[in-house]
There are 2 protein chains.
Amino acid sequence: MELLWRTREQPRRGPRPRLTVDRIVAAAIGIADGEGIAAVSMRRVAERLGVTAMSLYTYVPSKAELIDVMLDGVYAGMTRAAPASDHWRARLAAVADDNRALYARHPWLAAVAAVSRPPLGPGVIAKYEYELRAFDGTGLDDVQRDAALTFLLGFVETCARAAGAARASRQQTEMTDQEWWEAVTPYLERVFDPERYPTAARVGAAAGAAQGAAYDPDRAYTFGLARVLDGLAVLIEAPTTRAPTAGSEPRANPAGPAADGPSGPGPTGARR
Amino acid sequence: MELLWRTREQPRRGPRPRLTVDRIVAAAIGIADGEGIAAVSMRRVAERLGVTAMSLYTYVPSKAELIDVMLDGVYAGMTRAAPASDHWRARLAAVADDNRALYARHPWLAAVAAVSRPPLGPGVIAKYEYELRAFDGTGLDDVQRDAALTFLLGFVETCARAAGAARASRQQTEMTDQEWWEAVTPYLERVFDPERYPTAARVGAAAGAAQGAAYDPDRAYTFGLARVLDGLAVLIEAPTTRAPTAGSEPRANPAGPAADGPSGPGPTGARR
DNA sequence: GACCTGTTCCCTACGTTGTAGAGAGTTTCG
DNA sequence: CGAAACTCTCTACAACGTAGGGAACAGGTC
């Protein structure tokens, strides 16, 4: 916490610090961006700063906290290109795109992001505030807003994770998707029984042909985002009315809308 | 591959094996179920089987492959409670529930599941076949089916990941969500400016109060699944027809619906 | 029976990892 | 000038995945 907000009276005595938390975080982010989160070790970060691993512990209590601060840091510096469009759909799409762009710049984020008990630093909170605003005018109540945002961001994260996994297997095996498929096919033909799995054979072939791979991150994102927004639209554009844009009476749709929480003790949680 | 399908002529010479791949996989799954995937080390698995770490390498080329086989294994043994309901919506909800139940039984799965280039074993393929069938009668074409399934499963995985993260932080900190919040609040009050972040303050408070925590996995699942199905409904319940539910004109909402892939070379990919 | 050969399993060892503990060096306060 | 506070380094530990080099075992062929 003190770390996240950089609140700590600096010491008066002792040799003057050669490092700052910010420099450490920047170095760690640099490594993570270039070589993945797995390459971020205390020794590696220290080396980049010209000190030993242990000296980092004067600034940061542990690696877990360092990663929390990295996360808050990239959130704080995130570009928010979202247009103040008047249509909620465009605004939400922009929020999704911004997040996707962030994952593109910092692929390690997808492997790190914490949902429950997020590190409540300035970056996390600013992001939460900003993204909640995209729901202004939708008529959703506060609980629904939070749930809807979590839903949207979760979708983008899934896409980013999948894209990251795809990139990783490309690098590790040093094979393109096609080469992988060609390597795997002859074996599969020997064991796979198309009569037992007719749908899998047909759909797999069609999807593979359309995408040039078993999985295409871009398509998955485009397809999924449309579904996500359509799904939220059913909640937002209410039962009775039905003009081009918003409606009144946001409540209730199939499978039960978000609940109306009856009090309960509880946190002023932020998300992600 | 040989590993996944257990196709390998057993040797005629040499001491008779004390282990089998199945026993190794079962031991590894047992550890992962009980203590998380991080506790699955070669030494630990070996210990549970009464051998040394290195002897596992006679059966399994590396830890990565072992995890692939674990994944295929739990998929193969998965219960599929999906009712052969006549409504696609009920069938898809059942598929989601089945997957959620699987993640509940094997929480480590969420931290492991590979989307692109999945280990194409019998379990993975059977699961793919079964789940694709849930789309029978929806009128979706093959490419759309695959995309829709990936979308649905991705959603469930996200929920499972979040739930797993919540459980992990509960265990690691040995704090309930409330205790965590109470620990963090006094500090937050000192640095957080509600005037700067009015929406975050209000929505966070409302969501926290409703959930009793910053994040509630059950609510997130219920809410999200309804949105996912609503979103797919817009795609499925087409332009012309349609009674009680959807609106007209589903095509081209902003962010466009699924694409129509033009050929391309490619794999008969399976998913997950 | 004896040998060869392919297997299984163990021992040791290397280079990583996060971080605990002790101590050396540096700066400021009383 | 101490003394206290602080930064940074060194060494060390347990745990990780797995490479390399054997020892013990069992079948096939003489």
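Each chain gets a letter, A, B and so on, in the order the sequences are listed, and its residues count up from 1. Keep in mind that this is a model prediction, so the values were computed, not measured.
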**Q** Give one of base, sugar-phosphate or nothing for A:Arg43, where a contact means two heavy atoms less than 4.0 Å apart.
**A**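 Base, at least one base atom sits under 4.0 Å.
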**Q** OP1 or OP2 of C:dT8 sitting under 4.0 Å from any side-chain N/O of B:Ser55?
**A**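 For C:dT8, OP1/OP2 do not have a side-chain N/O of B:Ser55 under 4.0 Å.
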**Q** Run the salt-bridge test on B:Arg100 and B:Asp218 with the 4.0 Å N-O cut-off and return the result as yes or no.
**A** yes
**Q** Measure the distance from NZ on B:Lys63 to C1' on D:dA15 and round it to the nearest whole Å.
**A** 11 Å
**Q** Distance check needed: D:dC8 P versus A:Glu47 CD, whole Å only.
**A**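 Result: 17 Å.
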**Q** Of the nucleotides D:dC25, D:dT18, C:dT19, which one has an atom closest to the side chain of B:Pro15?
**A** D:dC25
**Q** Tell me the interatomic distance from A:Tyr57, atom OH, to D:dC10, atom P, rounded to whole angstroms.
**A** 16 Å
**Q** Would you say the side chain of B:Arg18 and the base of C:dT7 hold a donor-acceptor pair, judged only by whether the two atoms sit under 3.5 Å apart?
**A** no
**Q** Assign each of A:Gly50 and B:Pro61 to its nearest nucleotide of DNA chain D by heavy atoms, then name whichever residue's nucleotide is nearer the 5' end.
**A** A:Gly50
**Q** Picking from D:dT9, D:dT18, C:dT19, which would you name as closest to the side chain of A:Ala53?
**A**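 Among D:dT9, D:dT18, C:dT19, the one nearest the side chain of A:Ala53 is C:dT19.
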**Q** Within less than 4.0 Å of OP1 or OP2 of C:dC10, is there a side-chain N or O belonging to B:Thr52?
**A** yes
**Q** Just checking, is any N or O donor in the side chain of B:Arg190 or A:Thr7 under 3.5 Å from an acceptor N or O on the other one?
**A**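 No, no side-chain donor-acceptor pair sits under 3.5 Å.
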**Q** Tell me yes or no: between the side chains of A:Asp177 and A:Gln211, is some donor less than 3.5 Å from an acceptor?
**A**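 No donor-acceptor contact under 3.5 Å links the two side chains.
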**Q** How close or far is atom C1' of C:dC9 from atom CG of B:Leu19, stated in whole angstroms?
**A**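 Going from CG in B:Leu19 over to C1' in C:dC9 covers 10 Å.
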**Q** Would you list the atom pairs, donor with acceptor, under 3.5 Å between side chains in residues 16-39 of chain B and any protein atom, with sequence neighbours excluded?
**A**
from: B:Thr20; atom 1: OG1; to: B:Arg23; atom 2: N; distance (Å): 3.0
from: B:Asp22; atom 1: OD1; to: B:Arg6; atom 2: NE; distance (Å): 3.2
from: B:Asp22; atom 1: OD1; to: B:Arg6; atom 2: NH2; distance (Å): 2.6
from: B:Arg23; atom 1: NH1; to: B:Arg18; atom 2: O; distance (Å): 3.1
from: B:Asp33; atom 1: OD1; to: B:His106; atom 2: ND1; distance (Å): 2.7
from: B:Asp33; atom 1: OD1; to: B:Trp108; atom 2: NE1; distance (Å): 2.6
from: B:Asp33; atom 1: OD2; to: B:His106; atom 2: ND1; distance (Å): 3.1
from: B:Glu35; atom 1: OE1; to: B:Arg44; atom 2: NH2; distance (Å): 3.0
from: B:Glu35; atom 1: OE2; to: B:Arg44; atom 2: NH2; distance (Å): 2.4

**Q** When you get a sec, tell me which of D:dT7, C:dG21, C:dC11 is the closest nucleotide to the side chain of A:Pro17?
**A**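 Nearest to the side chain of A:Pro17 among the choices is D:dT7.
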**Q** Return the 5'-most residue of the pair B:Met54, B:Gly14 with respect to DNA chain C, ranking by each residue's nearest nucleotide.
**A**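 Of the two residues, B:Gly14 wins.
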**Q** Nearest of D:dG17, D:dG27, C:dT28 to any side-chain atom of B:Arg16?
**A** D:dG27
**Q** Which nucleotide sits closest to the side chain of B:Thr58: C:dC9, D:dT9, C:dT26?
**A**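 In terms of side-chain proximity for B:Thr58, the closest of C:dC9, D:dT9, C:dT26 is C:dC9.
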**Q** Considering all heavy atoms of both residues, which atom of A:Ser55 and which atom of A:Thr52 are nearest to each other, and what is their separation?
**A** OG-O, 2.7 Å
**Q** Considering just the side-chain nitrogens and oxygens of A:Arg44, establish if one lies under 4.0 Å of OP1 or OP2 belonging to C:dT16.
**A** no
**Q** In this structure, how many angstroms lie between the C1' atom of D:dC16 and the CG atom of B:Leu56, rounded?
**A** 14 Å
**Q** Just the rounded figure in Å: distance from P of D:dT11 to CE of A:Met42.
**A** 20 Å
**Q** Just how far, in rounded Å, is C1' of D:dA15 from CD of B:Glu35?
**A**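 Rounded to whole Å, this separation is 15 Å.
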**Q** I need the B:Asp72 CG to B:Met70 CE distance, nearest 0.5 Å.
**A**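 The CG atom of B:Asp72 sits 12.0 Å away from the CE atom of B:Met70.
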**Q** Please pick, from C:dT19, C:dC10, D:dT7, the nucleotide with the shortest atom-to-atom distance to any side-chain atom of A:Tyr59.
**A** D:dT7
**Q** With heavy atoms under 4.0 Å as the rule, sort A:Val40 into base, sugar-phosphate or nothing.
**A**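 The answer is sugar-phosphate, as A:Val40 gets under 4.0 Å only of primed atoms, P, OP1 or OP2.
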**Q** Using a cut-off of less than 4.0 Å, is there contact between a side-chain N or O of B:Ser41 and OP1 or OP2 of D:dC16?
**A** yes
**Q** In whole angstrom, give the distance that lies between atom CZ of A:Arg13 and atom P of D:dC1.
**A** 17 Å
